[in-house]
> 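Have a look at the structure that comes next, please.
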4 protein chains.
Amino acid sequence: MQSRTAASRPGRPRSATADTAILAATRDALVELGWSKLTLGDVATRAGVAKTTLYRRWPGKNELVVDAVAELFDELELPDRGSLAADIEGVVLQFATILARPEARSGLMAVVAESTRDDALRQRIRESIVDRQKCLVLEGRSRAQARGELPPEPDPSESARTADLIFDVIAGAVVHRALVSAEPVDTDWAHSFAGLLLNGLTASATA
Amino acid sequence: MQSRTAASRPGRPRSATADTAILAATRDALVELGWSKLTLGDVATRAGVAKTTLYRRWPGKNELVVDAVAELFDELELPDRGSLAADIEGVVLQFATILARPEARSGLMAVVAESTRDDALRQRIRESIVDRQKCLVLEGRSRAQARGELPPEPDPSESARTADLIFDVIAGAVVHRALVSAEPVDTDWAHSFAGLLLNGLTASATA
Amino acid sequence: MQSRTAASRPGRPRSATADTAILAATRDALVELGWSKLTLGDVATRAGVAKTTLYRRWPGKNELVVDAVAELFDELELPDRGSLAADIEGVVLQFATILARPEARSGLMAVVAESTRDDALRQRIRESIVDRQKCLVLEGRSRAQARGELPPEPDPSESARTADLIFDVIAGAVVHRALVSAEPVDTDWAHSFAGLLLNGLTASATA
Amino acid sequence: MQSRTAASRPGRPRSATADTAILAATRDALVELGWSKLTLGDVATRAGVAKTTLYRRWPGKNELVVDAVAELFDELELPDRGSLAADIEGVVLQFATILARPEARSGLMAVVAESTRDDALRQRIRESIVDRQKCLVLEGRSRAQARGELPPEPDPSESARTADLIFDVIAGAVVHRALVSAEPVDTDWAHSFAGLLLNGLTASATA
DNA sequence: CGTTAATCGAGACGGTACGTCAAGTCTTTTC
DNA sequence: GAAAAGACTTGACGTACCGTCTCGATTAACG
């Protein structure tokens, strides 16, 4: 006894290629028009799809853009450059590369702005984008601990709180630098930032 | 020899009270409706003003909201709590208090999102909001140097770059914690963050 | 081999009832407000239709009013009262009855005024209103010729020119009496006018 | 004891040249823009005058245009061409010449259209434009009677009614020909029309 | 000859309607 | 029954004029 799967549902099945085409069209439209001038009718046209098809799959502009942008962040991965400082530097530069793409810039910030008044949307953003990257912090830390660069966690309950703090610092600083200050996140800056953070972490740990 | 002042310009002078009423109405509307449902017609009605009066003074929604939100951030000031850590903690909590207000949350992030495709808007944000707060970093640092908590700047050209970095880290982390992670920026978090940053600064300086 | 008929066109077909409702609402609004205070938004509301639906079918206020007024003139028909004088009298009174309706008064003159600067509009007025009534003149004349009241046309090329002249005289005189002089077009006046015209026609013909 | 004349009123007297400039500017604007796109702000600008100056002298667009157009019709005069037919022909051609000017075409018909819902305006039109030309009919008729072309009026009460009828026929036919049928009012047409009317008049009179 | 008062220019004001555009829904035919 | 097509309602957009108002600056007759 199972709920009717898509395959076994009667009638014409949903086109599998449509989803891909719609998300790609959404990103294209974000690049050309930005968030505020992006219209679902235009996205549908670009995707070669009727507006109704689009509304059947996403409830609205916000959710569509979250999904379209989320795919961009999936390419983030933790490089193993041999030291914690170099790893931080690497992930910062990767993050900056993604934020340099206009579809990521407008899309991400816009949905975050919308999420300030829409808890379901914020939940969706966290699940689709934020939390999937938080493991990078955990992995980086445990790798550094294995290398002996950081001491092991004394208190497991404290561990998660610290990881959240580090994540907010890294992600927040890069986003602020890139989008608000609008200064380049280049090797120099990444190096300075990684130095500051690393010093903070080791000093805090030994204190 | 001066450019025509407002007083000597011919014609009926602009109502002085209108600006105040409009900005207040904008913040009210942000609270009730959020950025995306805020309409200039509604703001005008709330302010008891005609739509044309609003458009005569601001080119659009973006610029209006920047000015409306900017006033919120003017209340930020650097507390003198006796130590750099305490000062950082204090300013972080002040910042968090402002970001807890719904008009600041939606307004700020939305205009930042818009500014990713509008350089003039980004410039306006920087002048009206960001740069006016950057002096807090400069003042805090020099106060810490006077206290002997931080060494004096060796290289003046480096000094500005470091201040920018610190500003991006503080502002970015608080914004990310408050709006993206959507976790409370409470005394605990502020304390942990101030500790991390302070350690990073002192260790970096002595290294 | 035909151009796609309405029935076989893809997509939702246009509502058939909307046209009727819009034209009726236009006439209602003309009665209540007159031409200059008539707004398309108000017409749409009266018709229970969205403004966009209205604009999808008519390019603007002028064309809409032409169509709305044209239907009023379709009820004109040539009475057979047994003599040319009586027929003229009858049609003049019919015309006057229509011009007594406020929707015809304001609507007709206004679109004629607009048509002085818009050739397409003038063409539309002629096709929808003027030329459809010109056959009344032709029919009345041939009926009078059959009765022997008027001689048959000697020169067929002259025939059309004379019909145009008669039409301009009848329509012009009635309109001028009703709208400019603002005096009643009653049986007396119609009788005097028909007498004058009839005398002119017979005298000219025998001359 | 007299009501304060303009001359004796205290304060700065109204500029005498302004009226002339405004009426001329109104006609210019009618030529370029037509009635519906003519705005009082634009007229004021063209006349080199402030909008308030304009509103101080005319209550609105309708009245202004009536006055501006009325001046055009003052140049109508009855030619003495030696016969009634020729006199009619002459005045018809003069009328047609005025109606060929775009400011007369749009202006006249538009205010007539407006007057269908504004009795004060209709009164103003009659006083400023229509009635001032009605004497042409009276003068033409008495001249024809002096020549013996028409019999003297038997019944003086009938006399005014007939003059009104003739006026409506002439003015109405010319306007309808020129503006509705949009055919040229040339010598040929004027000749045919004058013949028709003359025959009607003489036949009626002798009947 | 200075006061007085209505004029002048300029332009901001509260309104109202404009014609367009996008959102999201609904109704067709086609696949 | 999903899909494309496109008409539908709704509501905001930013603009243009309306007719009124508030300014400072003229400009004549009156005292």
Side-chain angles (χ1 to χ4, degrees), chain A residues 6 9-15 18 36-45 47-61, chain B residues 6-16 18 36-42 44-45 47-57 59-61, chain C residues 4 6-16 18 36-42 44-45 48-57 59-61, chain D residues 4 6-15 18 36-45 48-61:
Chain A
R9 216 165 12 194
R12 178 169 171 178
R14 291 191 176 173
S15 159
S36 60
K37 311 219 158 164
L38 177 149
T39 70
L40 293 198
D42 179 56
V43 169
T45 305
V49 141
K51 234 187 340 171
T52 40
T53 302
L54 207 155
Y55 276 107
R56 209 172 287 122
R57 293 161 146 94
W58 284 274
K61 188 168 158 176
Chain B
S8 69
R9 205 165 20 199
R12 179 173 173 174
R14 291 195 174 169
S15 159
S36 61
K37 311 216 159 167
L38 177 151
T39 70
L40 293 199
D42 180 57
T45 304
V49 140
K51 215 170 23 152
T52 44
T53 299
L54 209 156
Y55 278 106
R56 204 175 291 120
R57 297 164 191 228
K61 190 168 157 174
Chain C
R4 284 293 230 175
S8 68
R9 208 166 18 198
R12 178 173 173 175
R14 291 194 175 169
S15 160
S36 61
K37 310 217 159 164
L38 178 150
T39 70
L40 294 198
D42 179 58
T45 305
V49 143
K51 215 171 20 154
T52 44
T53 298
L54 210 156
Y55 278 107
R56 203 176 291 118
R57 298 166 190 224
K61 189 168 157 174
Chain D
R4 292 289 233 169
S8 70
R9 209 164 21 192
R12 178 173 174 175
R14 291 190 177 170
S15 159
S36 61
K37 311 220 158 162
L38 177 149
T39 70
L40 294 198
D42 179 56
V43 169
T45 305
V49 141
K51 228 181 354 163
T52 41
T53 300
L54 207 155
Y55 277 105
R56 208 174 287 123
R57 296 164 192 225
W58 284 274
K61 188 168 158 174

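Lettering follows sequence order; numbering is per chain, from 1.
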> When you check the phosphate oxygens OP1 and OP2 of E:dC26, does a side-chain N or O of C:R14 lie under 4.0 Å from one of them?
no

> Taking the nucleotide of DNA chain E with the nearest heavy atom to each, does B:V49 or C:Y55 sit closer to the 5' end?
B:V49

> If I take atom CG in residue D:D42 and atom P in nucleotide F:dC17, what distance separates them, rounded to the nearest angstrom?
8 Å

> Taking only residues two or more places apart in sequence or in another chain, which ones pass side chain to side chain donor-acceptor pair (under 3.5 Å) with C:R12?
none

> Please enumerate all residues that pass side chain to side chain contact (heavy atoms under 4.5 Å, CB included) together with B:S36, with sequence neighbours excluded.
A:E114

> What's D:T52 touching, base or sugar-phosphate or nothing? Going by heavy atoms closer than 4.0 Å.
base

> For the residue pair B:A18 and B:S15, what are the closest heavy atoms and their distance?
N-OG, 3.3 Å

> Taking only residues two or more places apart in sequence or in another chain, which ones pass side chain to side chain contact (heavy atoms under 4.5 Å, CB included) with A:T39?
A:D42

> Measure from NZ on D:K61 to P on F:dC17 and round the result to the nearest Å.
10 Å

> To the nearest Å, give me how far apart CG (A:L54) and C1' (F:dA4) are.
13 Å

> Search all heavy atoms of D:L38 against all heavy atoms of D:K61 and return the closest pair with its distance.
O-NZ, 3.0 Å

> By nearest nucleotide on DNA chain F, pick out whichever of A:G48 and B:G41 is the more 5' one.
A:G48

> In whole angstrom, what separates C:L40's CG from E:dT20's C1'?
13 Å

> Looking at every strand, decide which applies to C:T53 at a 4.0 Å heavy-atom threshold: base, sugar-phosphate, or nothing.
base

> Mind listing the side-chain donor-acceptor pairs of residues 49-56 of chain C below 3.5 Å, one per line with the distance, residues two or more places apart or on another chain?
none

> Would you say a side-chain N or O of C:R56 is under 4.0 Å from OP1 or OP2 of F:dT9?
no

> Who pairs with C:R14 by salt bridge (Lys or Arg N to Asp or Glu O under 4.0 Å), at least two apart in sequence or on another chain?
none

> Please tell me if B:R9 has a side-chain N or O lying less than 4.0 Å from either OP1 or OP2 of E:dA10.
no

> Rounded to whole angstrom units, what separation is found between the CZ atom of B:R57 and the C1' atom of F:dT15?
18 Å

> Report yes if a donor N or O on one partner sits less than 3.5 Å from an acceptor N or O on the other, where the partners are the side chain of D:K51 and the base of E:dG11; otherwise report no.
no

> Distances under 3.5 Å between protein N/O atoms and the N/O atoms of nucleotides 1-5 of chain E, please, pair by pair.
none

> Reckon A:G60 touches a base, only the sugar-phosphate, or nothing at all at heavy-atom distances under 4.0 Å?
nothing

